[in-house]
Every structure is written in structure tokens, then in C-alpha cells.
There are 2 protein chains.
Amino acid sequence: MNTIEVFLESKKVRPTAMRMLVYKYMTQSNVAKTLGDIENAFTKADRTTLYRTLKTFEEKGIVHQVDDGTGTIKYALCEAGCNCDIDRDLHLHFHCSNCRETICLTEHKIPQINLPDGYVAEDMNLVVKGICEHCSGQ
Amino acid sequence: MNTIEVFLESKKVRPTAMRMLVYKYMTQSNVAKTLGDIENAFTKADRTTLYRTLKTFEEKGIVHQVDDGTGTIKYALCEAGCNCDIDRDLHLHFHCSNCRETICLTEHKIPQINLPDGYVAEDMNLVVKGICEHCSGQ
DNA sequence: CAATAAATGCACTTCTATTGCATGGCTACT
DNA sequence: AGTAGCCATGCAATAGAAGTGCATTTATTG
Ligand SMILES: [Mn+2]
Ligand SMILES: [Mn+2]
Ligand SMILES: [Zn+2]
Ligand SMILES: [Zn+2]
């Protein structure tokens, strides 16, 4: 029983070999990954299985989708204690137009937005595009 | 010379029949439209022509794309005097999960976001999802 | 009017998301 | 241990939208 196995079971996800590999892969970098990225990271991986793995992870609160405006959905690990709650957990995402990577800025929560009367907010997405720390040569 | 014709020429866009129709259609509602929406609004319209029409409109500052996270790009008219400037013009978009419509809240600019050192912002997208004024029964 | 440039229409490609269905493997229960 | 049933996997196929190539039509210019 390694820690990944324990973690997945704590999230009510059966720790199959592929699921453990995907989870481990996601922990190894802090940038959001597309399905294609993950597929390419393994030589022998079926796209559908990965698709459903990510879907399961999302349903069980292990990952969240990141829509960075590139047209392909990305996935990133949720923080410990995250419930993808609109007030507590939603954070800024940054997409670098140079290296094309997207990272979670989990420390930067989405500021309070006031809406016109009658509008009810349920979810939110804030993406900033530009040049990342790495590419701006800092 | 009607007003649409004059307007398009002022934007350096040749006022063809289709372009005038599309522009007129866009002015008739304040919700963002997909290519498909526009295609369906006319009985005899070619998707490619519309696609390129919208692209031209975008390049000439007549419309802006709206990425509301549904997976299909939408288009909405720019305000008078809009330059799609990151500080002055970028505004909030609201997507209603009930009626599935997306509207520009042009009065609601995106608040100042502070980024970690080394990050440079060039563009931004803020979408709020929830229930719109109309659907919340106000 | 002829030459040129721009806009349009059709067909096709590409890319990603998503589903149906058959098979393999694990679990729970006897 | 044996077996029924559920869950995960893999393959194939579909759906949906974006984008491109090229031929044709329409507009502009001299
Ligand atoms: Mn994130
Ligand atoms: Mn808008
Ligand atoms: Zn970068
Ligand atoms: Zn609505």
C-alpha cells in the first residue's frame, strides 16, 4: 500500500494501475495537462481510458478542469481540502502565450465580483494570458 | 447609403450584402452568438462565408470573441470606442446555465488582478456562470 | 471594357470530445 | 474455491466545431 493507493481510496476511487500512474504523473508538475499530454506521457495508454479516468477524478474531487481558452480542456490537481467551492477554492489560471503552458495560481483567488440584480453566480472562470515567469526571463 | 453601410465603411470593411445582414443581426440582441446561431438565422448562408465575415469583423474591431467555456466560440459586438484594450475595454461575460445564453456585461470591467513577480498580463477572460436575470424570475 | 483584387461557396481536412459495445479482471457472496 | 455481477479497459465509430484549398463569382480600378 503506497501513498497514492491510500489517497485514491480515501477519495473513493479504486486504485487501478493506470489510475495510479495518471495521478502520479499529475503530481510531478504544477502545470495543467491536456488529455493528449497525458496520453503522450505513456507509451501504452488508451485515450478513452484516460478520458474516463480524468472524468472520474473530477467527479471525486481529485482534479479540476481548466479552460484556458486554447480550445482544449486541461486538468490540474485540486489542492488538499479543495471542494471547488466558488468562494473558497476558485483561483486564477495563467496561460503563457510563449511556452503555451497553463498553471494554477492557487494563491490568487478570484476577487469578489458584483453582478447586476437578478443574476446568481454558481461558477466562475478567470484566465490571464501573457508571459509567464519563466519566459519573461526572470 | 444606410447607416450600416456607413458604419462598416468607417471600419474599413467593404459593406457586402451578407456583411450588412450579419452586422444587423448582431445589433438586434445583446447576447453573444455562435457561428451556428448566425448560420441558422439565415436560410441561405454559407458557414465559411460567415466564418470569414466574423474573422474580418474581429480584425477590424467590430466584434470580439467570447469564450464562455461551452466549447464553442461566440461573438458579440464591441461597444462604440472599444479597442479591446486590456485595461479599458475587457469586461465580464455571464453565461446562464438555464437558457444557455451568454451576455456581455460591458458595465462590469474585470477588476485589477495582481500577479506574482515575473508574470506579464496581455489578455484576460472572466466568465461567470449561473442564472441570468431573466431565468431567476426577476 | 479589360485587368485585377476581393468575396463567396463548396468540399475536404483536422482535431478533440464523446459514446457503444465487447472483453477482461476484480469483488463479494455462497 | 466457484460463480455471478460490477467495474474498468480497449477498440471502433460518431459528433461537432474549426480551419484550409481551390474554383467561381462579384466588385473595383484604370
Ligand atoms: Mn487550477
Ligand atoms: Mn463582451
Ligand atoms: Zn511561458
Ligand atoms: Zn438564462
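First the proteins, then the strands, lettered A, B, ... as listed; each starts at 1. Every heavy atom of this structure was used, including side-chain atoms; hydrogens, water molecules and symmetry mates were not.
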Would you mind reading off the distance between [X] atom [atom1] and [N] atom [atom2], rounded to a whole angstrom?
| X | N | atom1 | atom2 | result |
| --- | --- | --- | --- | --- |
| A:Glu39 | C:dA17 | CD | C1' | 12 Å |
| A:Asn40 | C:dC15 | CG | P | 13 Å |
| A:Arg19 | D:dG10 | CZ | P | 12 Å |
| A:Asp67 | C:dT16 | CG | P | 15 Å |
| A:Leu54 | C:dA17 | CG | C1' | 12 Å |
| B:Met20 | C:dA7 | CE | P | 13 Å |
| A:Leu50 | D:dC11 | CG | P | 12 Å |

Under 4.0 angstrom between A:Thr49 side-chain N/O and D:dG10 OP1 or OP2: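 Yes, because at least one side-chain N or O of A:Thr49 sits under 4.0 Å from OP1 or OP2 of D:dG10.
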
What is the distance from atom [atom1] of [X] to atom [atom2] of [Y], rounded to the nearest 0.5 Å?
| X | Y | atom1 | atom2 | value |
| --- | --- | --- | --- | --- |
| A:His91 | A:Glu107 | NE2 | CD | 10.0 Å |
| B:Met20 | B:Leu8 | CE | CG | 7.5 Å |
| B:Tyr51 | B:Ile38 | OH | CD1 | 13.0 Å |

Check this for me, if you would: do A:Arg47 and A:Glu39 make a salt bridge, where the nitrogen-to-carboxylate-oxygen distance has to be below 4.0 angstrom?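 Salt bridge present between A:Arg47 and A:Glu39.
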
By side-chain hydrogen bond (donor to acceptor under 3.5 Å, both in side chains), which residues pair with A:Ser29, not counting sequence neighbours?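 Residues passing side-chain hydrogen bond (donor to acceptor under 3.5 Å, both in side chains) with A:Ser29: none at all.
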
Considering all heavy atoms of both residues, which atom of B:Asp67 and which atom of A:Gly69 are nearest to each other, and what is their separation?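 Residues B:Asp67 and A:Gly69, closest heavy atoms: OD2-CA, 3.1 Å.
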
Could you pull out the closest heavy-atom pair between A:Ser136 and B:Val120, with the gap in Å?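 Taking A:Ser136 first and B:Val120 second, the nearest heavy atoms are CB-CG2, 4.5 Å.
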
Within the 4.0 Å limit for protein heavy atoms, which parts of nucleotides 17-30 of chain D are touched? Write it as a string from 5' to 3', B for base, S for sugar-phosphate only, - for none. SBBBB------S--

Hey, can you pull the residues of residues 22-33 of chain B with a non-hydrogen atom under 4.0 angstrom from DNA chain C?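 Those residues: none at all.
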
Would the B:Tyr23 and B:Phe7 ring centres measure less than 6.0 Å apart?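 Yes, ring centres under 6.0 Å apart.
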
Passing option when A:Thr102 is tested against A:Lys33, A:His93, A:His95, A:Lys129 for side-chain hydrogen bond (donor to acceptor under 3.5 Å, both in side chains):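 Of the listed options, the one satisfying the test is A:His95.
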
